Amino acid sequence: MESNPTGSPGMNKFKDARSPETHVNKRQAPDSHCGTDAARARWTILRQVLRQKQLDNVNVQSVSVRRFSSFNLFSRAEVPSLESDGPSDGRWIEYRSACFPQYSALIRDSQGPIKMEEVLNSFDNTGNVCVWPSEEVMTYYCLKNRHMFMGSSVCELGGGMTCLAGLMIAVCADVKEVLLSDGNEKAIENVRGVIERNRQAGMFTCTNVSSRVVRWDSERDVAAMEGRFDVVMCADCLFLDQYRACLVDALRRLLRPDGTALVFAPTRGDTLTEFCRLAERAGLLVCRYDNYDSIIWDLHIKMKREGKEAYDENIHYPVLLTLTHIPSPHLL
């Protein structure tokens, strides 16, 4: 793995990001087994989030271990609901960039209470709770580096109820297409409504914005989009052991030969290191950036100094990984 803790992939194209120190494991065939122990994952989420049969999303957030909730990179302002919205359809919120205030998007904050049966019978509900710090930072990074996406086909994996980063790319960048995805049906139901609301409001620069359910452990879902995207990105999607190898496989297969995956995730113990190991075994070149943006880094240092009781960099500060295919020897 290439490590550049104080550098940044600040190139015109992500695929040009390289550091002088290179360590790449020999190419191996990707793991053929992507364990799908869904029951274990669901019960893990259940223990972390649910304390009764039904909780409002706002209450879930208050009992979450997520004591630190935001780097305050976006302002939030409630906007009127549409006449077609029902009373349980949730609030519409305008997310506006604090650093690039010309860019904003509308998201639906909640679609009512989270029910126990939805956690037990759906694929990974963590994205149905809130916009996590890693998603917030990835969204900011995409806005700041919007020129890098010009003319690209972009996919966000595991974007939850909002797919905020992919949504903002559709707002700010002249891209070929943006696909917003998650493995949870309820999340994508909400994302469809979010896309339509922003389209009606004239928010999009990109005209080809769509959504679909994509489970990383589904051969059908992954095969349908193999080799389609210039950029595939995800935020804080590495923590479930059961799906980590499947995520690597999905990233590898969805990328074009010269494409780049952007992964923003905290270290969370050994989970980030394990993901990098799996990615290298799958034949991907992994570059790690700890200090990839001066504003984010300054906020991180400030929180370490002033927010010690709430801020834990192990679970809150997202490291940036870029993943690319290793060129074949005859192309070098």
Side-chain angles (χ1 to χ4, degrees), residues 34-50 53-61 64 66 88-91 93 107-136 138-139 155-167 178-197 209-225 232-251 254 263-265 271:
C34 295
T36 56
D37 185 2
R40 179 182 170 193
R42 291 166 187 155
W43 282 108
T44 298
I45 298 167
L46 179 66
R47 287 194 300 270
Q48 292 174 345
V49 176
L50 295 182
K53 289 187 177 180
Q54 178 171 300
L55 291 175
D56 290 336
N57 272 358
V58 63
N59 292 330
V60 170
Q61 293 186 40
S64 171
R66 192 186 71 136
S88 62
D89 284 343
R91 302 176 304 157
I93 306 294
I107 70 168
R108 187 157 47 192
D109 217 22
S110 165
Q111 277 194 300
I114 297 174
K115 300 178 181 179
M116 180 178 289
E117 57 267 28
E118 291 174 349
V119 174
L120 294 176
N121 297 314
S122 298
F123 178 84
D124 188 5
N125 273 274
T126 52
N128 291 354
V129 176
C130 50
V131 174
W132 297 91
S134 292
E135 179 82 13
E136 177 194 23
M138 184 167 75
T139 305
C155 173
E156 179 170 4
L157 294 176
M161 294 282 279
T162 67
C163 295
L164 184 61
L167 192 69
V178 176
L179 175 66
L180 311 179
S181 75
D182 193 82
N184 184 279
E185 291 83 357
K186 181 178 179 180
I188 291 305
E189 179 184 348
N190 189 66
V191 170
R192 291 190 187 105
V194 168
I195 291 174
E196 185 57 30
R197 178 73 189 265
V209 185
S210 61
S211 64
R212 66 182 293 169
V213 173
V214 177
R215 288 185 56 142
W216 316 325
D217 61 343
S218 168
E219 173 62 23
R220 181 180 64 180
D221 289 355
V222 175
M225 302 185 297
V232 181
M233 58 187 184
C234 62
D236 206 352
C237 291
L238 312 184
F239 54 90
L240 289 177
D241 295 341
Q242 299 85 334
Y243 301 115
R244 200 173 297 127
C246 299
L247 175 58
V248 168
D249 186 59
L251 291 169
L254 295 184
V263 177
F264 285 79
T271 61

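Every value quoted in this text rests on a predicted model; they were computed, and no experiment measured them.
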So, for [X] and [Y], which heavy atoms are closest and what is the spacing to 0.1 Å?
| X | Y | value |
| --- | --- | --- |
| Tyr243 | Arg215 | OH-NH2, 4.3 Å |
| Met138 | Ala165 | CE-CB, 3.6 Å |
| Val191 | Cys163 | CG2-SG, 4.0 Å |
| Ile188 | Leu180 | CD1-O, 4.1 Å |
| Leu179 | Ser210 | CD1-OG, 3.3 Å |
| Asn190 | Met161 | ND2-O, 2.7 Å |

Review point. Can you list the steps and then say if Ile107 with Leu164 is a side chain to side chain contact (heavy atoms under 4.5 Å, CB included)?
Key: CA-CA 8 Å; Ile107 70 168; Leu164 184 61; 4.1 Å; yes
Exercise for review: For the pair Asp217 (side chain) and Cys246 (backbone), establish whether a donor and an acceptor sit closer than 3.5 Å, ignoring hydrogens and angles.
Suggested key: no
Check your understanding: Quick one: does Ser181's side chain have a donor or acceptor within less than 3.5 Å of a partner on Glu156's backbone?
Key -> yes
Point to revise | Qualifying residues under side-chain contact (heavy atoms from CB on, under 4.5 Å), relative to Cys234, sequence neighbours excluded | key: Leu157, Cys237, Leu247, Val263
**Study point:** Under the side-chain hydrogen bond (donor to acceptor under 3.5 Å, both in side chains) test, residues paired with Glu136 that sit two or more places apart
**Key:**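 Partners of Glu136 under the side-chain hydrogen bond (donor to acceptor under 3.5 Å, both in side chains) test: Ser70.
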Check your understanding: Say you draw a straight line from CD of Glu185 to CD of Glu189; how long is it, rounded to the nearest 0.5 Å?
Key ->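 Atom-to-atom, Glu185:CD and Glu189:CD are 10.0 Å apart.
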